[in-house]
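Read the structure below first, then the notes.
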Amino acid sequence: MAIEEKSGKHGFAKYLLLEEIYNKYSSVFDSSVGDNLLTNTLYLEGIHFNLVYFPLKHLGYKSVISSIADVYCSGTNPVNISVSLGISAKLSKGDIETLIEGISLACEHYSLKIFSFDISSSLTGLSISVATLGSVAGNKVKNKPAETDLICVTGDLGAAYLGLQLLERERKIFEDTGVSPKLEGFEYVIRRQLKPELKLNVLNKIKENNIDPGKMRIVRDGLASEIMHISKEAELGCRIYHDRLPVDHETAEAGRELMFEPVIAALNGGDDFEFIFTCPVKEHEKIRQIEGVSIIGHLVPKEEGNSLVLHDGSLAELKAQGWSDE
């Protein structure tokens, strides 16, 4: 069973707790559901989102995206979702309808149906739980990665994290001074945080070119965390190249505004919702021809560890905030 954790001060503790629970009660855990796949995402107010700047419609949409993403990574397509909401007294009936409208829009866009829906009262703020059931459609991801496999990623990285930092900065300024937020010119990074989309067109191109990925994950907790998960599952190491990490020019501009290195945001930020995957080196030319995919590195023998190759060719140990393989 896969273990997910959020980057940050609670990430390490959560990873260890989940590992301990799964090991101690392994007899009652079973991630298989026949030929289907079931995933679940839980969003908590104050932990995963702040309603001061997160529109409820966008929040509903994003919660669905987060749940269905892992189904695509497993080589299946999401079909149905189950939604459970914990609603606090500060939300009105109109607020709830706005939230559900966002969920509905995501369902329409990704051809989903809601098979179960429930609402309960909450004393600790809004909570959203979305479970997704996926059915097999074509080949599942099953190839075991080899030492020479390429590591590829869709889209660009770091935008969502920097969008969050901008929103948090403006929130604090507004609360301290009453000055209205100034977010003009940063629409791209803010959109990546508030309303992410999955690059299904790129996945379709990969299938059309008969490329069989070995391991695939969604970049939810930062690129470094996902790469380290892949390395651990494959029992291999990796080399990632600093100058190959895809960073959009608007993300770079946001980094300058915040005095924050965009590559650090790409490695240890979160919520990019891009696909990272391995594939055989023989597919290099096919992958290179697919628009929207970057080859950022390759796997290596386990004893060589996980490293970031810097501009001068030197190696820096790849680390992920809030993650440990111990």
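Numbers for residues simply follow the sequence, beginning at 1.
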So for atom [atom1], which belongs to [X], do other residues, nucleotides or ligands contribute more than 12 heavy atoms lying within a distance under 6.0 Å?
{"X": "F117", "atom1": "CZ", "value": "yes"}
{"X": "K286", "atom1": "NZ", "value": "yes"}
{"X": "E291", "atom1": "CD", "value": "no"}

| request: In sequence, state the C-alpha distance, the side-chain angles, and the governing distance for S84 and S120, and then conclude on side-chain contact (heavy atoms from CB on, under 4.5 Å). | output: CA-CA 8 Å; S84 297; S120 299; over 6 Å; no
| request: Please report the C-alpha distance between L203 and Y72 in whole Å, then the side-chain angles of each, then the deciding distance to 0.1 Å, and finally whether the side-chain contact (heavy atoms from CB on, under 4.5 Å) criterion is met. | output: CA-CA 9 Å; L203 291 189; Y72 286 110; 4.1 Å; yes
| field | Listed partners of F260 passing ring-ring contact (aromatic ring centres under 6.0 Å, His included), at least two apart | value | Y161
| Partner set under ring-ring contact (aromatic ring centres under 6.0 Å, His included) for H242, not counting sequence neighbours | H311
[Y] and [X], any side-chain heavy atoms less than 4.5 Å apart:
{"X": "R169", "Y": "L258", "answer": "yes"}
{"X": "I151", "Y": "I295", "answer": "no"}
{"X": "V130", "Y": "N40", "answer": "no"}
{"X": "I296", "Y": "Y241", "answer": "no"}
{"X": "L91", "Y": "L126", "answer": "yes"}
{"X": "I230", "Y": "C238", "answer": "no"}
{"X": "L267", "Y": "L223", "answer": "yes"}
{"X": "I114", "Y": "C107", "answer": "yes"}

Counting distance only, does the side-chain N/O of [X] pair as donor-acceptor with the main-chain N or O of [Y] below 3.5 Å?
{"X": "S307", "Y": "V309", "result": "no"}
{"X": "S314", "Y": "L310", "result": "no"}
{"X": "R220", "Y": "S66", "result": "yes"}
{"X": "T76", "Y": "V71", "result": "yes"}
{"X": "S225", "Y": "G222", "result": "no"}
{"X": "T154", "Y": "F275", "result": "yes"}
{"X": "Q193", "Y": "A160", "result": "yes"}
{"X": "S104", "Y": "I100", "result": "no"}
{"X": "T39", "Y": "S67", "result": "yes"}
{"X": "N50", "Y": "V52", "result": "yes"}

| message | One pair to check against salt bridge (charged side-chain N to carboxylate O under 4.0 Å, His left out): K62 and D271. What are the steps and the verdict? | response | CA-CA 10 Å; K62 184 175 181 177; D271 280 0; 2.7 Å; yes
One thing to verify: whether [Y] and [X] come together as a salt bridge, which I'm taking to mean a side-chain N less than 4.0 angstrom from a carboxylate O.
{"X": "E233", "Y": "R217", "result": "yes"}
{"X": "R191", "Y": "E250", "result": "no"}
{"X": "K90", "Y": "E45", "result": "yes"}
{"X": "E175", "Y": "K172", "result": "no"}
{"X": "E304", "Y": "R239", "result": "yes"}

Look at the side-chain heavy atoms of Ile, Leu, Val, Met, Phe, Trp and Tyr, link any pair under 4.5 Å apart, and say whether [X] and [Y] land in one connected group.
{"X": "L315", "Y": "V300", "result": "no"}
{"X": "V202", "Y": "I276", "result": "no"}
{"X": "L166", "Y": "I173", "result": "no"}
{"X": "L308", "Y": "I264", "result": "no"}
{"X": "L299", "Y": "M228", "result": "no"}

Can you tell me how far the [atom1] atom of [X] sits from the [atom2] atom of [Y], to the nearest 0.5 Å?
{"X": "K319", "Y": "N306", "atom1": "NZ", "atom2": "CG", "value": "12.0 Å"}
{"X": "I287", "Y": "L150", "atom1": "CD1", "atom2": "CG", "value": "7.5 Å"}
{"X": "D118", "Y": "S129", "atom1": "CG", "atom2": "OG", "value": "10.0 Å"}
{"X": "L56", "Y": "I103", "atom1": "CG", "atom2": "CD1", "value": "10.0 Å"}
{"X": "L164", "Y": "F54", "atom1": "CG", "atom2": "CZ", "value": "9.0 Å"}
{"X": "D149", "Y": "E283", "atom1": "CG", "atom2": "CD", "value": "10.0 Å"}

| request: Before giving the answer on side-chain contact (heavy atoms from CB on, under 4.5 Å), spell out for I227 and L318 the whole-Å C-alpha distance, their side-chain angles and the decisive distance to 0.1 Å. | output: CA-CA 9 Å; I227 288 176; L318 194 63; 3.9 Å; yes
| request: Run the numbers on E235 and K302 for salt bridge (charged side-chain N to carboxylate O under 4.0 Å, His left out), then give the verdict. | output: CA-CA 6 Å; E235 299 182 335; K302 183 177 181 179; 5.7 Å; no
| task | Mind listing the closest non-hydrogen atom pair of D70 and I218 along with its distance? | result | OD1-CG2, 3.6 Å
| field | Smallest separation among heavy atoms of I65 and P196, with atom names | value | CG1-O, 3.7 Å
| field | Side chains of S92 and D95, donor plus acceptor under 3.5 Å | value | yes
| request: Verify the distance criterion only: is there a donor paired with an acceptor across the side chains of Y53 and E168 at less than 3.5 Å? | output: yes
| Does the pair N77 and Y110 meet the rule for a side chain to side chain donor-acceptor pair (under 3.5 Å), with working shown? | CA-CA 10 Å; N77 287 339; Y110 290 91; over 6 Å; no
| request: Tell me, with the steps shown, if E285 and R288 meet salt bridge (charged side-chain N to carboxylate O under 4.0 Å, His left out). | output: CA-CA 5 Å; E285 191 58 31; R288 196 176 66 83; 2.6 Å; yes
| Criterion side-chain contact (heavy atoms from CB on, under 4.5 Å) on L59 and I128, from CA distance to verdict | CA-CA 9 Å; L59 180 60; I128 308 170; 3.7 Å; yes
| message | My understanding is that only one of E274, E197, E187 makes a salt bridge (charged side-chain N to carboxylate O under 4.0 Å, His left out) with R192; could you say which? | response | E274
